[in-house]
Number of protein chains: 2
Amino acid sequence: MTSVEEPARPNGRIRDAARTKAEILDVATKEFARSGFAGARVDEIAARTRTTKRMIYYYFGGKEQLFTAVLERAYSVIRQAEQELDVEHLDPVAAIRRLAEVTFDHHERHPDFIRLVSIENIHEAEHIAASEKLGRIGSPALDVIRRILESGQRSGLFTADVDAVDLHAMISSFCFFRVSNRHTFGALFGRDLVAPDLREHYRKMLGDMVIAYLTADRAAD
Amino acid sequence: MTSVEEPARPNGRIRDAARTKAEILDVATKEFARSGFAGARVDEIAARTRTTKRMIYYYFGGKEQLFTAVLERAYSVIRQAEQELDVEHLDPVAAIRRLAEVTFDHHERHPDFIRLVSIENIHEAEHIAASEKLGRIGSPALDVIRRILESGQRSGLFTADVDAVDLHAMISSFCFFRVSNRHTFGALFGRDLVAPDLREHYRKMLGDMVIAYLTADRAAD
DNA sequence: TCTCTAATGTACGAACTAGTACGTTAGTGA
DNA sequence: TCACTAACGTACTAGTTCGTACATTAGAGA
């Protein structure tokens, strides 16, 4: 998330459209993630900014479009991370494990993103649906998974009946749930899924699970 | 969810505290699930009821407590279902698979519950924390898992290093994500995880995954 | 140096929203 | 049948909250 932190010139206002816009997005991201769409207050977002509410409407048009812009930027970050994925030189098993770890790490490092996605799901993805940008950008991770999967299946290492989207769902669900449901799970079962000393445990567990699934002999059950 | 649907006596108001309360809870469940906590409108809830807003405050005290009551009832439903779980006569592999299926089915049948839990997580489980009822009722499912796991590990069928809470998290994460993130996942990857014709596929996939994980030879990777 | 516009600030309003003061009545128990 | 209370309805308010009309200015280009 491109943060904004230039020391403003001593006094008198400075004009910098890009900075103002980015600062609004930064603050809005935190506010929406904290309070949900309806719970977030436009006035509050403005107050935490060096500019005024007027600018939110000037640049984004309204609360709804602001949220869409926040989502767009949040998704662009994860796509960037996926694009930097470099696992194709590894053997299939190591590659999948690495991919799972990178996904795991990204979810852990971006709890605000998780919350935004949860919120967007409450709203049935209407902002994604309305967004030009978000509509037409398939996940780079998916292509990577597809290639690893093919390679693993060709060599007979992986069972044949697995599809890239499904595997992505499997990996994401664990990573996502661990962060998104941390609070209710913790309150009900007394275990903090995001506790630092359990991090390695769950990271390994995810990898073990995915590899076990991919290499299992389905006849065995 | 105990629905209310008695044909009101022709005209003249009827007094029935239990019915009124239950009706408010029914409507509030839908409203909160649809719009989130902040997005839900007390007036709207009242309007969809045969009674008035006054009664919401009379019986529940306020919006916050109403949401807590909604959550309490929603959780009681899943606990009931878990209590009816009868798998201990099966062998460990079949028992775990059955447990996974029951969890899968319950999530699918109660999307409103999933949404409420998502919403409660946005609010960092503050209502659960504040609730007497919800605090002290460990999941019956957890005990069942514990017993199956022990049995499976004793017989050498399952790998030893698995814990009941972790397994519950693994199963829940897949079931939960499939419903909770249905919309964003569908919008971004073009696959409806809850499409009826994929139901059996994902139900089997979950079972395969869990069993593969439990029976895998960890040295293999 | 002058002009013109993108960028910015202030002040306000209309609509909404949680919550309540006050009054009414059904129906139960004496 | 009478009194009393739990259950209910109406009308209102105080405070928010999104959005905008109007005024101003920094600074790029002529």
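This structure is a prediction, so every number in the text was calculated from the model and none was measured. Hydrogens, waters and symmetry mates play no part in the numbers below; they use all other heavy atoms, side chains included.
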Sugar-phosphate only, base, or nothing, as touched by B/Ala40 at under 4.0 Å among non-hydrogen atoms: sugar-phosphate
Sugar-phosphate only, base, or nothing, as touched by A/Tyr59 at under 4.0 Å among non-hydrogen atoms: sugar-phosphate
A/His110 and A/His106 aromatic ring geometry - parallel, tilted or perpendicular at 30°/60° bounds: tilted
Nearest-0.5 Å distance that lies between atom CD1 in A/Ile119 and atom CD1 in A/Ile122: 8.5 Å
Other residues, nucleotides, ligands: >12 heavy atoms within 6.0 Å of A/Arg203 CZ: yes
C/dT8 phosphate, OP1 or OP2, under 4.0 Å from A/Thr20 side-chain N/O: yes
Value in whole Å for how far the C1' atom of C/dT17 lies from CG of B/Asp43: 6 Å
Ring centre gap for A/Phe60 and A/Phe67 strictly below 6.0 Å: no
Residue B/Tyr57, side-chain atoms from C-beta onward, closest of C/dA26, D/dG9, C/dG19: C/dG19
hbond_proxy A/Arg54 side chain to C/dG9 base (donor-acceptor, 3.5 Å cutoff): yes
Comparing B/Lys53 and B/Lys21 on DNA chain D - which has the more 5′ nearest nucleotide: B/Lys21
Touch class at under 4.0 angstrom, heavy-atom based, for B/Ala38 against every strand present: nothing
Phosphate OP1/OP2 of C/dT17 contacted by B/Arg41 side-chain N/O (<4.0 Å): yes
Pair B/Phe104 + B/Tyr202: ring centers closer than 6.0 Å: no
Whole-Å distance separating the CZ atom of B/Arg50 from the P atom of D/dG9: 11 Å
Under 4.0 angstrom between A/Thr51 side-chain N/O and C/dT8 OP1 or OP2: no
Nearest-Å distance for atom pair CZ/C1', residues B/Arg15 and D/dT5: 9 Å
Value in whole Å for how far the C1' atom of D/dT17 lies from CZ of A/Phe37: 12 Å
Nearest-Å distance for atom pair OH/C1', residues A/Tyr58 and D/dA23: 15 Å
Whole-Å gap separating C1' (C/dG9) and CD1 (A/Ile24): 13 Å
Rounded distance in Å - NZ (B/Lys63) to C1' (C/dA18): 8 Å
Between C1' of D/dT17 and CD of A/Glu31, the distance in whole Å: 14 Å
